[in-house]
Amino acid sequence: MTDFFKDIPQARYLGADSTEEFSYRHYNPEEMLMGKRMEDHLRFAVAWWHSFAWPGGDPFGGQTFERPWFGDTMDLARMKADVAFELFAILGQPYFCFHDADIRPEGGTFAESTRNLEEIVDYIGQKMEAGGPKLLWGTANLFTHRRFMSGAATNPDPDVFAYSAATVKSCMDATLKLGGENYVLWGGREGYETLLNTDLKREREHAGRFLQMVVEYKHKIGFDGAILVEPKPQEPSKHQYDYDVATVYGFLKQFGLENEVQMNIEQGHAILAGHSFEHELAMAASLGIFGSIDMNRNDYQSGWDTDQFPNNVPEVALAYYEVLKAGGFTTGGTNFDAKIRRQSLDPADLVAAHIGAMDVCARGLKAAVAMLESGELEAARAKRYAGWDTQKSDTMLKGGLAECFEHVIQSAVSPEPQSGQQERLENIVNRFV
Ligand code: XLS
Ligand code: NI
Ligand code: NI
């Protein structure tokens with residue numbers, strides 16, 4: 001036991017009227033929605049990197065947080081794990097996620113880093129056996145260390161490709177060992193700064209082969225979780241190959257991976273790509289590659305990935321509406337890829353951020369369920385496309401341009417524009433949020 005969160009009680013569901021700061025007003029794990037417990041709908045995960053490893057820096061200033069576990073020793077890594085499980089015990093969320101670099105100190109050699117990882121994975125495994133959350137996903141940090149500055153799988157240096165592949169192997173082994181339900185790849189440095197020094201074709205081919213290797217290894221070790229790619233359009237690289245869901249789908253098709261890999265979609269990354277979160281979710285669902293979400297909130301002005309905790313219920317409601325329409329999560333979940341602001345120094349800030357975010361998501365989910373159960377939005381959508389549910393339309397699609405031409409002449413087709421009814425539909429949404 002550490003005393004980092006001393007005096008902060010375990011958070012419990014006390015209902016909407018509760019004024020207890022560290023209580024849930026909306027997140028009630030046991031509440032049944034559409035025949036499923038709320039906890040099983042949302043599948044919340046805490047992210048090790050933002051909550052325990054991030055020092056509070058921004059592009060203009062360094063560390064603001066002082067945490068007793070900051071440092072590069074195994075003892076401190078164990079203390080960090082202790083504190084993590086103390087936060088988990090307060091929150092009672094069912095999952096967590098990590099990168100290798102979040103949980104173990106970097107060693108002097110690859111072999112030493114791997115030994116450190118294995119040791120801390122055993123330590124975390126023991127803590128998991130004693131109760132507490134499960135692993136939603138593991139991943140490798142292939143972007144912070146300077147060796148990755150020109151890319152990991154897309155590095156011009158084959159040694160970096162090998163180092164990255166070896167790192168991913170060790171992280172997949174760790175994920176398997178801890179019973180992780182997914183393995184994530186976010187290509188932080190898989191892109192480029194300038195075309196003047198970049199062989200774009202070759203780099204994409206190497207990234208494709210790398211992902212094939214990941215899938216091959218998954219089958220080799222019998223990992224039955226999902227492999228998830230997390231798209232992001234830029235930052236840190238100026239141009240990133242995994243720009244958005246549609247771009248990644250094209251990439252998966254090129255390398256024959258569209259039935260092997262799904263998407264981990266992040267709110268802030270969708271915004272950076274000029275999309276809405278729900279657009280990215282609907283796109284993945286329509287392509288059959290929806291997997292999991294990184295829940296956060298991006299600043300609409302700043303132009304970089306601010307990774308704030310979500311607190312906009314209407315936005316979150318529209319996101320969960322798409323998640324529910326996609327059939328809900330299977331192996332995926334709601335990972336808070338979110339960090340407190342750098343001025344939020346207190347342990348209480350970290351707890352409150354998660355509790356607030358879980359409540360916002362619970363409200364969004366409940367609104368989404370109510371929207372779906374009312375059926376009004378889906379009825380309006382079905383009506384809008386009803387013309388396509390006819391034999392005539394079906395025959396037309398099977399024909400060609402000439403058949404369409406014949407049909408338009410024969411039946412004197414003259415389209416009548418119909419209202420899209422956006423305001424009326426928005427009014428329906430606003431009844432539920
Ligand atoms: C960074 C990404 C990262 C991934 C995991 O922008 O969101 O945190 O989720 O590597
Ligand atoms: Ni991100
Ligand atoms: Ni993320």
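Atoms within a ligand are numbered from 1 in the order they appear, just like the ligands themselves. What you see below is based on every heavy atom in this structure, not just the backbone, and it leaves out hydrogens, waters and symmetry mates.
Among the atoms of E266, an N, O or S atom falls under 2.8 Å of the Ni ion (ligand 2). Within the coordination shell of the Ni ion (ligand 2), defined by N, O or S atoms under 2.8 Å, D307 is absent.
Looking only at atom types and distance, the side chain of T331 has no donor-acceptor partner in the side chain of E181 under 3.5 Å away. No side-chain donor from either of R342 and Q63 sits under 3.5 Å from a side-chain acceptor of the other. A donor atom on one side chain and an acceptor atom on the other are not found under 3.5 Å apart for R424 and Q422.
The side chain of K232, and not its backbone, has at least one atom closer than 4.0 Å to an atom of ligand 1 (non-hydrogen atoms only; side chain from C-beta on). Residue contacts with ligand 1, taken as heavy atom pairs separated by less than 4.0 Å, involve D305 solely via side-chain atoms from C-beta onward. At a heavy-atom distance under 4.0 Å, only side-chain atoms of D294, from C-beta outward, approach ligand 1.
In terms of protein heavy-atom proximity, atom 2 (C) of ligand 1 is closest to E230 OE2, 3.2 Å.
Aromatic ring pairs are classed by plane angle as parallel below 30°, tilted from 30° to 60° and perpendicular above 60°; the pair Y24 and Y27 is perpendicular. Between H269 and W186, the two ring planes are tilted [angle within 30° to 60°].
Per-residue contacts place H99 under 4.0 angstrom from the following atoms of ligand 1 (heavy atoms of the residue considered): 5 (C), 10 (O). Which parts of ligand 1 touch D337 is read off a 4.0 Å heavy-atom cut-off, strictly below it: atoms 2 (C), 3 (C), 4 (C), 7 (O), 8 (O), 9 (O). Below 4.0 Å from some heavy atom of W49 lie the following atoms of ligand 1, by number and element: 8 (O).
Considering backbone and side-chain atoms alike, E266 places an N or O below 3.5 Å from some N or O of ligand 1. Taking only nitrogen or oxygen atoms, main chain and side chain alike, T139 does not reach within less than 3.5 Å of ligand 1.
The atom of E230 nearest to the Ni ion (ligand 3) is OE2, with the search restricted to N, O or S atoms. When distances from the Ni ion (ligand 3) to the N, O or S atoms of D294 are compared, OD2 comes out shortest. D305 contributes OD2 as its N, O or S atom closest to the Ni ion (ligand 2). The Ni ion (ligand 3) lies closest to atom OD2 when only the N/O/S atoms of D337 are considered.
Every heavy atom of E235 sits 4.0 Å or more from the atoms of ligand 1. Under the 4.0 angstrom criterion for non-hydrogen atoms, V184 is not in contact with ligand 1.
The residues K177 and D173 are annotated as not salt-bridged, no charged nitrogen and carboxylate oxygen being separated by less than 4.0 angstrom. At a threshold of 4.0 Å, the pair E106-R147 counts as salt-bridged, since one of the basic side-chain nitrogens sits closer than that to a carboxylate oxygen. Salt bridge annotation for D100-R104: present, with a cationic side-chain nitrogen under 4.0 angstrom from a carboxylate oxygen.
Taking 4.5 Å as the limit, every side-chain heavy atom of L185 sits out of range of all side-chain heavy atoms of L142.
Shown are F44, F96, W48, W49; of these, the ring pair (Phe, Tyr, Trp, His ring centres under 6.0 Å) with F336 is made only by F44. Paired with E39 under the rule side-chain hydrogen bond (donor to acceptor under 3.5 Å, both in side chains), one option of H41, R43, R37 passes, and it is R37.
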